[in-house]
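Below: the structure, in C-alpha cells.
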Amino acid sequence: MVVKLYGLVTAACPQRVLLCFLEKEIEFEIVHVDLDTLEQKKPEHLLRQPFGQVPAIEDGDFKLFESRAIARYYATKYSNQGTNLLGKSLEHRAIVDQWADVETHYFNVLAFPIVLNLVIKPRLGEECDAVLVEELKAKLGVVLDIYENRLASNRFLAGDEFTMADLTHMPAMGYLMRTDVNQMVKARVNMNRWWEELTARPAWKKLMKMAGFEA
Amino acid sequence: MAMKVYGNGMSVCVARVLLCLHEKETEFELVPVDLFACHHKLPSFLSMNPFGQVPVLQDDDLTLFESRAITAYIAEKHKDKGTDLTRHADAKEAAIVKLWSEVESHHFNPAISAVIHQLIVVPLQGKTPDAAIVEENLEKLGKVLDVYEEKLGKTKYLAGDSYTLADLHHVPYTYYFMKTCHAGLVNDRPKVKAWWEDLCSRPAFLKVSPGLTVAPPTN
C-alpha cells in the first residue's frame with residue numbers, strides 16, 4: 001500500500017514531505033486538499049490534522065501530521081534506501097537536529113511571514129505589509145550572515161553531506177528565491193553556492209516539475 | 001567527564017535541557033552565563049552558538065545548541081536509563097512523540113513565548129507590555145489548548161500513555177505562564193489542568209522548578 005499525502009504539491013509544508021519521499025525513493029499518492037476553498041478547515045480534514053493545516057499522511061492505519069515529524073519518520077523507516085538524511089552517528093544526528101531546529105526557530109519564523117506578504121497575499125488580492133517585510137528582511141539578513149559563515153567551512157549545514165537540515169529549508173527558500181529576497185542570497189557567496197547545489201538535486205527538480213515550476 | 005550545560009536555571013530553554021538530564025539520571029555541570037553582562041554575545045560564546053543564546057551543551061568533542069536538539073541527543077545517548085522520553089523502540093510511537101514535539105515548537109511555543117515576553121521580560125526592561133500582542137497570542141494559545149484538551153481526553157500524555165519529550169518541552173514556559181494572571185487558560189480546561197498538575201509532580205520538575213525564579217511584576 002502506498003502512503004497518501006493530504007495536501008498539494010505547491011504548498012511549502014507538503015513540499016517538505018514530498019522532497020523527503022523523492023530523496024528516499026518512496027512511492028506516494030497525493031490526495032488534493034483545496035486550500036482555496038478552505039478544505040483544510042473542514043471537519044473531515046480536521047480529523048486528520050486538528051490545527052486545520054496541510055500536510056497529513058495516512059499509511060495504512062498509521063496517521064501523522066507536522067511535516068517535519070512525517071519527514072523524520074520516513075527518513076528513519078527507509079534509512080536503508082535513497083539519500084541518508086539523518087546523519088551517520090549519534091553526534092552527527094545531533095548536529096543535523098540542531099540545524100533543522102535552527103530552520104524552525106530562526107529561519108521559518110522570518111521566511112513564512114515574508115512569503116505570506118510577498119507571495120500569498122497578492123495571490124489572494126490582499127494588501128502586503130511592506131513595512132513589516134522590510135523589518136523581517138533586516139532580521140533575516142542577520143540570520144543569513146550566520147548561515148553564510150557556517151557554509152564557508154561546511155559544504156552543507158550539518159557537514160559534508162546533504163541532510164534533513166538542508167532539505168527542511170528548501171520549500172520556503174524556493175518561494176523566497178522568487179521574490180527580491182533572492183538578492184540577499186545571491187549577495188552571499190556561500191549561501192548562493194549552497195542553494196545552487198541544493199536545486200541541482202534530482203529530487204528538487206522532480207518536485208519543481210510536479211509543482212509546475214520548471215527550473 | 002560530565003556533560004556541561006552553559007546557561008542559567010531561570011532560562012526556559014536551559015530548564016528544558018535540565019529537565020531532560022534529570023529524567024535521564026545523567027550527571028552534568030551547569031556553567032552560568034551572565035546574560036545581563038551580555039557574555040552570550042562575546043566571541044568565545046558565539047563560537048559555541050553563533051546565534052548567541054543559551055543553552056549550549058558540551059559533551060566531550062560535541063558542542064550542541066538548540067534546546068530540543070540537545071534533549072533529543074541526551075534522550076538518545078542515554079536511552080537505556082531513566083525515563084523513556086522518545087519511545088525509541090517503536091518507529092511509529094517515536095514518530096508520534098516527534099509529532100507532538102513539533103506541535104509544541106510550531107503551535108504552542110510561538111504563542112506562549114510572546115505572552116511571557118510581554119508579561120515578564122518587557123517589564124524587566126522597564127517597558128510597558130503591549131496589550132494587543134498579549135491578547136492576540138492568548139487567543140492563539142487558547143485554540144492550541146483546545147486541541148490539547150481533546151487529545152488529553154484520549155491519552156494521558158500528549159503522545160500517548162507515557163511521559164515523553166512532547167510533554168517535557170512544554171514545562172518551562174507553562175510554569176512561568178501559570179504565574180501570570182492568565183493561568184485560567186490552563187485551569188479552565190480540566191484535562192489540560194490535570195496534565196499540568198501531573199507534570200509538576202515529577203521528581204525532575206521538583207529539582208528544576210526552584211531555578212525558574214523570574215516572575216511577572218506584582219502590580
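Every chain is numbered from 1, with letters handed out A, B, ... down the list of sequences. Computed from a predicted structure; not experimentally measured. Only this structure's heavy atoms are used, side chains among them; waters, hydrogens and symmetry mates stay out.
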With a sphere of 6.0 Å drawn around CD of E135(B), does it hold more than 12 non-hydrogen atoms of other residues, nucleotides or ligands?
no
Whether over 12 other heavy atoms sit under 6.0 Å from F112(A) CZ:
no
OH (Y73(A)) and NZ (K98(B)) are apart, to the nearest 0.5 Å, by 15.5 Å
With D130(B) via side-chain contact (heavy atoms from CB on, under 4.5 Å) - residues at least two apart
Q118(B), A132(B), I133(B)
OG1-CD distance between T63(B) and Q98(A), expressed to the nearest 0.5 angstrom
9.0 Å
Name the member of L64(A), V142(A), T76(A) that forms the most heavy-atom pairs with chain B at distances under 4.5 Å.
L64(A)
Can you establish whether the number of heavy atoms outside K77(A) located under 6.0 Å from its atom NZ is more than 12?
yes
A side-chain contact here means heavy atoms from C-beta on lying under 4.5 Å apart; do L62(B) and L90(A) qualify?
no
Enter the distance from F65(A):CZ to E102(B):CD here, rounded to the nearest 0.5 Å.
10.5 Å
V103(B) versus chain A, heavy atoms under 4.5 Å apart: side chain, backbone, both or neither?
both
Do any of residues 32-54 of chain B come closer than 4.5 Å to chain A, heavy atom to heavy atom, and if so which ones, in number order?
P50(B), F51(B), Q53(B)
More than 12 heavy atoms from other groups under 6.0 Å of CD on E150(B):
no
Is any residue of residues 67-96 of chain B within less than 4.5 Å of chain A by heavy atoms, and which ones?
R68(B), A69(B), A72(B), Y73(B), E76(B), K77(B), A91(B), K92(B), A95(B), I96(B)
May I ask you to check whether over 12 heavy atoms, not counting those of Q81(A), lie within 6.0 Å of atom CD?
yes
Name the residue from H105(A), E66(A), R68(A) that meets the side chain to side chain donor-acceptor pair (under 3.5 Å) definition with H106(B).
R68(A)
CD of Q125(B): more than 12 outside heavy atoms within 6.0 angstrom?
yes
Nearest-0.5 Å distance, CD of residue Q49(A) to CG of residue L99(B)
8.0 Å
Quick one: are F65(B) and V102(A) in side-chain contact, heavy atoms under 4.5 Å?
yes
Greatest number of non-hydrogen atom pairs under 4.5 angstrom with chain B, of N149(A), D59(A), L46(A), T104(A), falls to T104(A)
Is chain A contacted by the side chain of D59(B), its backbone, both, or neither, given a heavy-atom distance below 4.5 Å?
neither
Quick check on the structure: residues of residues 156-164 of chain B within a heavy-atom distance below 4.5 Å of chain A, by number.
none
Contact class of R93(A) relative to chain B, heavy atoms under 4.5 angstrom:
side chain
For K151(B), is the NZ atom crowded, meaning more than 12 foreign heavy atoms sit under 6.0 Å from it?
yes
Report which part of Y147(A) has an atom under 4.5 Å of a heavy atom belonging to chain B: side chain, backbone, both, or neither.
side chain
Heavy atoms of other groups near K42(A) NZ, more than 12 under 6.0 Å
yes
